[in-house]
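Order of appearance sets the numbers: ligands from 1, and atoms from 1 within every ligand. Excluded from the calculations below are hydrogen atoms, water molecules and symmetry mates; all remaining heavy atoms, backbone and side chain alike, are included.
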Amino acid sequence: MKYTLGFIGTGNMGGAVLRAALKAVEPQKAVISNRTAEKSGALASELGCAAGTNSEAAGSRFVFLGVKPQMMGSMLEGIKDVLSQRKEHFVLVTMAAGLTMERIQEMAGGKYPVIRIMPNTPVSVGMGMTLCCASAGVTDKDIAEFKDIMRYSGRIDFIEEKLIDAASALSGCGPAFVYMFIEALSDGAVECGLSRAKAMEYTCQTLIGSASLALESGMHPGALKDAVCSPGGSTIAGVHALEKNGFRNAAMDCVKAAYEKTKELGK
Ligand SMILES: NC(=O)c1ccc[n+]([C@@H]2O[C@H](COP(=O)([O-])OP(=O)(O)OC[C@H]3O[C@@H](n4cnc5c(N)ncnc54)[C@H](OP(=O)(O)O)[C@@H]3O)[C@@H](O)[C@H]2O)c1
């Protein structure tokens, strides 16, 4: 097979996953296509991979589908024949929110092996969280190769498809929630006299560090929080202010609202 990777739709998310994948796969082994061909052409020149048509990309070992859910049907209609004529084993990799693997197979016109992924934008800096599930027909070798391709994207976790909406409300939508928190903490620090640039730097590093400590220690966040709060100190005063303003309630509500909306959009 000429290409290991074929990307159809190189927008925000498709482009981000492509950049991560090309750290693991030689660019000569990838072909990309996009509705507006200038976009994939420019990206191909920058990354050193080939620019082609949807049909060319559909002939790859892993065919990444990076178009919006509402475009998926018409895009797959256009490559149906190429897929049905393929003799070698291949895998479709869909990143479309809300579309089940079964729906992708229906639209693609065959029970092809599908890996469904839900990446998030930090994939572009190698710090993403990508949730994955696999249909029947995806082999252990496919999964091993797929993990190898995605090894510079950040963390990867395979879960049951029924959990993907809940997980994507957290990690897929999560960057927006986290950016609001970053902005708000920075605003508070600017009000206290820090420059915007310093406030941003300290906030982001505090978030990265705290998250790394939580992951590496495996400790409950409540215990980690307690360890920072000295009696009668400034941290507990800040914690109280968050509680008074319903911070945890707002955070739980936000994930729940994103989950409900994801389920609604998938219908
Ligand atoms: N953004 C996120 O944070 C995120 C997170 C998880 C999953 N996703 C999923 O990622 C997918 C893409 O989302 P996005 O935010 O990256 O959207 P996007 O920036 O609009 O990218 C979609 C791309 O698909 C191209 N396209 C549309 N129809 C096509 C066709 N028939 N053939 C080839 N290319 C076609 C578009 O080309 P043009 O240049 O002509 O518009 C565009 O570049 C969606 O399914 C979404 O659910 C996104």
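Counting all heavy atoms, side chain and backbone alike, Thr262 lies closest to Ser168 at CG2-OG, 4.1 Å.
Contacts between Met72 and ligand 1 below 4.0 angstrom, taking non-hydrogen atoms only, are absent altogether. Within the 4.0 Å heavy-atom criterion, the part of Lys39 lying near ligand 1 is the side chain and not the backbone. Heavy atoms of Pro69 found under 4.0 angstrom from ligand 1 belong to the backbone as well as the side chain. Contacts between Thr121 and ligand 1 below 4.0 angstrom, taking non-hydrogen atoms only, involve the side chain exclusively.
Geometrically, ligand 1 and Gly172 share no nitrogen or oxygen pair separated by less than 3.5 Å. Here's the thing with Met71: none of its N/O atoms is less than 3.5 angstrom from an N/O atom of ligand 1. Considering both main-chain and side-chain atoms, Thr36 comes within under 3.5 Å of ligand 1 through a nitrogen or oxygen pair. Between Ile8 and ligand 1, a contact under 3.5 Å exists for no N or O pair.
In this structure, Arg61 pairs ionically with Glu145, as a charged nitrogen and a carboxylate oxygen lie closer than 4.0 Å.
Residues satisfying the side-chain hydrogen bond (donor to acceptor under 3.5 Å, both in side chains) test with Asp253, not counting sequence neighbours, are none.
Distances below 4.0 Å separate heavy atoms of Met118 from the following atoms of ligand 1: 6 (C), 7 (C). Those atoms of ligand 1 with a heavy atom of Ala96 less than 4.0 angstrom away are 45 (O), 47 (O). Of all atoms in ligand 1, numbered sequentially from 1 with element shown, those under 4.0 Å from a heavy atom of Met75 are 30 (C), 31 (N), 32 (N). Listed by number with element, the atoms of ligand 1 under 4.0 Å from a non-hydrogen atom of Gly9 are 24 (O), 25 (C), 34 (N).
Phe7 is not connected to Val67 by any chain of hydrophobic side-chain contacts under 4.5 Å among Ile, Leu, Val, Met, Phe, Trp and Tyr, and they are in different clusters.
Not a single heavy atom of Asn120 sits closer than 4.0 Å to an atom of ligand 1.
Across the listed options Val67, Thr10, Asn34, Val67 owns the non-hydrogen atom lying nearest to atom 44 (C) of ligand 1. Comparing heavy-atom distances from atom 22 (C) of ligand 1 across Gly66, Gly14, Ser33 singles out Gly66 as nearest.
The protein atom (non-hydrogen) at minimum distance from atom 47 (O) of ligand 1 is Ala97 N, 2.9 Å.
Checked by atom type, the side-chain pair Asp142/Thr139 shows a donor-acceptor distance below 3.5 Å.
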